[in-house]
Amino acid sequence: MADRHWKTLQKDIVYAAEPYLQVARESVELPDGRVIDDFYQVHLRPFVSVVPVTPEGRILILEQYKHGPRCVSITFPGGFVDEGEAPEEAGRRELMEETGYRAGAFVPMGSYVDNGNQRGCSGTYFLALDCEKVAEADPGDLEEMEVSFASPEELDAALGTPRFAITHMAAAWAFARMKLPR
């Protein structure tokens, strides 16, 4: 198959709200030689999402208000990857901060970009196995959440409903479901 990559000829940051957001205008050359002078890219901070599973097979979930969809939704532990931090390290840190749980094993489930053309953000997903409570949660000042548990079947039934209001969380569960025994 012929090379279908676009070549970035120039990139200018047209808006920045560091460290959270950058908007760039790129000049790109397409494989057929055409040039697009105003192709915009949005760069958000990379994140991790962790689907924790207890030794008994229960899935630890968080139910919390998220201002993007403006509702309470099922979420999993996760958050931004700090500068210089590896995604697994960020996942383990977020799991501990938000739940007080530690995982026996972290299974990588891939890294993905959330918008095929404008980029958005990149997320790295993990399945955390043999999770045990070892501390009290300390999620931070803006995060109010309720830690609870669900069975895989309950989460399967929630997919496609408003209980999963965030694409990243629905994707995290779908990735985890592929790895868990049926």
Side-chain angles (χ1 to χ4, degrees), residues 18-21 43-115 120-182:
E18 300 294 348
Y20 302 104
L21 168 71
H43 296 270
L44 301 167
R45 287 177 66 185
F47 71 90
V48 292
S49 186
V50 178
V51 178
V53 183
T54 68
E56 303 78 34
R58 298 182 308 157
I59 313 303
L60 189 152
I61 63 172
L62 306 172
E63 294 189 68
Q64 66 184 140
Y65 175 81
K66 288 295 192 179
H67 199 60
R70 290 169 166 65
C71 67
V72 173
S73 176
I74 292 173
T75 66
F76 298 104
F80 292 132
V81 177
D82 291 335
E83 188 72 33
E85 186 177 38
E88 182 175 329
E89 182 183 351
R92 288 182 182 277
R93 175 181 50 76
E94 290 287 347
L95 176 62
M96 179 62 69
E97 287 174 3
E98 294 182 355
T99 69
Y101 279 71
R102 182 178 7 238
F106 253 54
V107 179
M109 298 191 297
S111 295
Y112 305 89
V113 171
D114 74 351
N115 184 307
C121 55
S122 62
T124 302
Y125 296 82
F126 295 95
L127 179 63
L129 300 174
D130 298 322
C131 292
E132 306 238 12
K133 186 162 179 97
V134 296
E136 291 304 313
D138 185 16
D141 61 345
L142 293 179
E143 296 187 295
E144 292 182 27
M145 58 192 76
E146 181 179 314
V147 176
S148 61
F149 296 90
S151 69
E153 295 75 21
E154 289 169 321
L155 292 176
D156 290 347
L159 276 177
T161 74
R163 290 202 61 212
F164 270 113
I166 303 165
T167 301
H168 297 148
M169 297 304 148
W173 176 243
F175 299 147
R177 196 59 169 123
M178 293 188 310
K179 302 262 185 205
L180 292 173
R182 294 267 176 181

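- For H168, the ring pair (Phe, Tyr, Trp, His ring centres under 6.0 Å) partners are F47, not counting sequence neighbours.
- Nearest heavy atoms, Q64 versus T75: OE1-OG1, 2.9 Å.
- For E18, the side chain to side chain donor-acceptor pair (under 3.5 Å) criterion is met by Q22, not counting sequence neighbours.
- Residues that satisfy the side chain to side chain contact (heavy atoms under 4.5 Å, CB included) test with A103, not counting sequence neighbours, are R92, L95, F106, A128, C131.
- In this structure, D82 CG and E94 CD are separated by 8.0 Å, a value rounded to the nearest 0.5 Å.
- The neighbour count for R102 CZ, taken as heavy atoms of other residues, nucleotides or ligands under 6.0 Å away, does not exceed 12.
- Here the closest heavy-atom approach between residue M96 and residue A135 is recorded as SD-CB, 4.0 Å.
- Between T167 and D114, the closest side-chain pair of non-hydrogen atoms is not below 4.5 Å.
- To the nearest 0.5 Å, the span separating CZ on F164 from CD1 on I61 amounts to 7.5 Å.
- Between S73 and A165 the shortest heavy-atom distance is OG-N, 3.0 Å.
- Listed by chain and number, the residues in a side chain to side chain donor-acceptor pair (under 3.5 Å) with S122 amount to none (sequence neighbours excluded).
- Put simply, the side chain of I59 reaches to within 4.5 Å of the side chain of L180, judged on heavy atoms.
- Partners of E153 under the side chain to side chain contact (heavy atoms under 4.5 Å, CB included) rule, at least two apart in sequence or in another chain, are S151, R177.
- Expressed to the nearest 0.5 Å, how far NZ of K179 lies from CE of M109 amounts to 8.0 Å.
- Side-chain contact check for P108 versus T124: every heavy-atom pair is 4.5 Å or farther apart.
- Looking only at side-chain heavy atoms (C-beta outward), P87 and S111 stay at 4.5 Å or farther from each other.
- Shown are L62, V50, D138; of these, the side-chain contact (heavy atoms from CB on, under 4.5 Å) with T99 is made only by L62.
- More than 12 non-hydrogen atoms from other residues, nucleotides or ligands lie less than 6.0 angstrom from NZ of K133.
- In terms of the side chain to side chain contact (heavy atoms under 4.5 Å, CB included) criterion, residue partners of L44 (sequence neighbours excluded) are, by chain and number, L21, V42, C121.
- Side-chain N/O atoms of E56 and T54 include a donor and acceptor closer than 3.5 Å.
- Annotation: ring pair (Phe, Tyr, Trp, His ring centres under 6.0 Å) contacts of F175 (sequence neighbours excluded): Y112, Y125.
- For residues 63-77, the pairs satisfying salt bridge (Lys or Arg N to Asp or Glu O under 4.0 Å) are E63-R163, with sequence neighbours left out.
- The side chain to side chain contact (heavy atoms under 4.5 Å, CB included) check on A90 picks up V48, V81, E85, R93, with sequence neighbours excluded.
- Between S49 and F126 there is no side-chain heavy-atom pair separated by less than 4.5 Å.
- In this structure R58 satisfies the salt bridge (charged side-chain N to carboxylate O under 4.0 Å, His left out) test with no other residue, sequence neighbours excluded.
- Applying the ring-ring contact (aromatic ring centres under 6.0 Å, His included) test to pairs two or more places apart or on separate chains, those with a residue in residues 71-102 are Y20-F80.
- Within the 4.5 Å cutoff, side-chain heavy atoms of P55 are placed close to those of E132.
- In this view, F149 satisfies the ring pair (Phe, Tyr, Trp, His ring centres under 6.0 Å) rule with no residue, not counting sequence neighbours.
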